[in-house]
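Reviewing the structure listed below.
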Amino acid sequence: MNWVVESSASLRGVVSMPGDKSISHRALMHAVLAAGTSHIQNFLHAGVTEAMMRCVRDLGVGIEVEPPGGSATSGRLIVHGGQLRSPATNLDCHNSGATIRMLLGVLAGQRGLAVTLDGSAGLRRRPMKRVAEPLRLMGAEIPGDTPPLIIHGQPLHGIEYTLPVASAQVKAAMLLAALQAEGPTTIHEPGPSRDHSERMLRALGISVATHNQTVTLTPTGRPLPAFEAVVPGDISSAAFIFAAAALVPDSEVTVKDVGVNETRTGILDVLVALGGAVCIANVHEVNGELVADVTVKSSELRGMIVAGDLVVRMIDEFPIFAVLASQARGETIVREAEELRMKESDRIGSLAHELRQFGIPIEERPDGFVIEGPTRLRGAVVDSHGDHRLALALAVAGLIAEGETTVTRAEAYRESFPNFVDLLCSLGGKVHE
Ligand code: S3P
């Protein structure tokens with residue numbers, strides 16, 4: 001499926017985002033391990049979370065969706081957790097890194113269960129040793145390091161482990177295993193990766209101590225209690241709307257009830273550093289997560305440097321950040337971001353190739369890129385590389401390009417932001433299939 005995007009004059013309005021993808025994944029995994037029925041409000045219904053739901057159902061866990069059969073992008077999930085059984089076939093994690101990694105954490109401690117986890121060709125290429133290794137050290141039996149991955153649940157013991165890369169998915173998988181282990185597990189992280197698991201588990205009464213970048217979980221020896229949770233709006237989806245509002249002249253857009261956990265707000269920090277007009281209001285807490293209304297207006301932007309912890313705090317936002325940088329005066333430099341090459345596409349190589357089609361001068365580096373701006377974009381035919389965040393970022397670039405832009409293989413956007421087109425059109429953006 002292709003998108004056709006036209007240059008848009010002004011974006012205005014107030015919108016809400018679908019539920020946060022990372023928090024939806026974690027809520028479902030915790031509900032699977034919980035004894036009894038849990039309710040998850042504003043759960044994201046999109047490609048990656050549907051993949052996880054199918055796997056969970058294949059493991060014998062009942063899930064009901066409200067509204068039933070509805071096409072809502074976020075709804076209420078009712079999960080009857082506690083009891084897993086061996087599935088009849090391999091679990092298909094499709095293109096979802098979070099699904100395969102977090103399920104490994106859940107399954108590591110499920111004695112007597114033998115499960116094979118597989119996924120798309122793209123998923124098979126993504127690094128899994130980083131999660132298999134610590135789980136093996138905890139006692140899990142995982143003979144290989146690449147999907148299809150076989151896992152035999154075993155009695156687990158807590159470990160102390162230093163993650164080689166800051167990966168919240170690996171940390172989440174270890175915490176899911178740690179809940180089922182004997183004795184505490186301590187994880188040292190090289191960077192401040194998102195801490196949604198820690199917050200959600202604490203809200204469920206689990207002892208999760210955090211000091212600098214070290215997390216220690218002490219298991220209770222009992223299953224998690226069933227719970228009620230509300231998922232905030234996804235800031236990583238909102239990032240495309242913020243950027244569109246910053247870039248399209250004469251725009252002002254408010255995103256309501258969006259998660260502003262500081263391990264995720266790198267994009268807001270860079271918007272401000274670029275010279276963007278950002279206003280954060282009505283900050284409040286929901287289930288241990290900060291939520292707010294964020295307003296962004298169009299403004300003149302200037303170049304900046306992104307490196308270190310900021311890379312971790314905006315790891316999913318580089319495709320759209322690069323589009324912002326193309327309109328910033330002077331040089332924008334991204335360093336220490338080699339992890340971008342491990343995402344749904346090589347997000348340095350694929351981004352550089354596609355942005356050049358708009359006329360953006362971008363220099364690719366092993367660990368990032370350099371963009372000199374501002375550039376007047378010319379409409380182009382560009383490709384998503386099957387990467388949802390690339391599809392969405394290229395559509396936003398099309399809004400400020402002269403003439404028409406076509407994004408090929410645009411359907412990837414359904415992985416995380418299924419109502420993007422409706423939402424953008426409601427604000428005045430011109431995108432259609
Ligand atoms: C996620 C962590 C990040 C991020 C992904 C979601 C999570 O991946 O890119 O979109 O939910 O924990 P890594 O853990 O591989 O960095």
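Order of listing sets the numbers, starting from 1, for every ligand and every atom in it. Every value quoted in this text rests on a predicted model; they were computed, and no experiment measured them.
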### Query
Nearest protein heavy-atom contact for atom 10 (O) of ligand 1: which residue, which atom, what distance?
D316 OD2, 2.8 Å

#### Entry: Distance from atom 6 (C) of ligand 1 to nearest protein heavy atom, with residue and atom
Q169 NE2, 3.4 Å

### Task
Could you say whether the N/O atoms of R389 and ligand 1 ever approach to under 3.5 Å?
no

### Message
Please determine whether any non-hydrogen atom of K171 lies less than 4.0 Å from an atom of ligand 1.
### Response
no

#### Entry: Contact with ligand 1 for R194, non-hydrogen, under 4.0 angstrom
yes

### Query
What atoms of ligand 1 come within less than 4.0 Å of a heavy atom belonging to S22?
1 (C), 6 (C), 7 (C), 11 (O)

#### Entry: Under 4.0 Å to a heavy atom of K21 - the qualifying atoms of ligand 1, by number
5 (C), 6 (C), 10 (O)

### Task
Take V270 and E317, measure what side-chain contact (heavy atoms from CB on, under 4.5 Å) needs, and give me the verdict at the end.
CA-CA 10 Å; V270 297; E317 277 62 81; over 6 Å; no

Answer yes if the side chains of [X] and [Y] hold a donor-acceptor pair under 3.5 Å, and no otherwise.
X    : Y    : answer
S416 : H388 : yes
H188 : Q213 : no
T49  : S24  : no

### Query
For L11, does its backbone N or O pair with a side-chain atom of S251 as donor and acceptor, under 3.5 Å?
yes

### Task
Return yes if some donor-acceptor pair links the side-chain N/O of K256 with the main-chain N/O of V14 below 3.5 Å, else return no.
no

### Task
Look at the aromatic rings of F240 and F420 and report parallel, tilted or perpendicular, splitting at 30° and 60°.
perpendicular

#### Entry: Mode of R101 contact toward ligand 1 - side chain, backbone, both, neither (heavy atoms, under 4.0 Å)
side chain

## Note on the structure
At under 4.0 Å between heavy atoms, what of A98 touches ligand 1? The answer is neither

### Query
For atom 15 (O) of ligand 1, which of E344, K343, M342 has the closest heavy atom?
K343

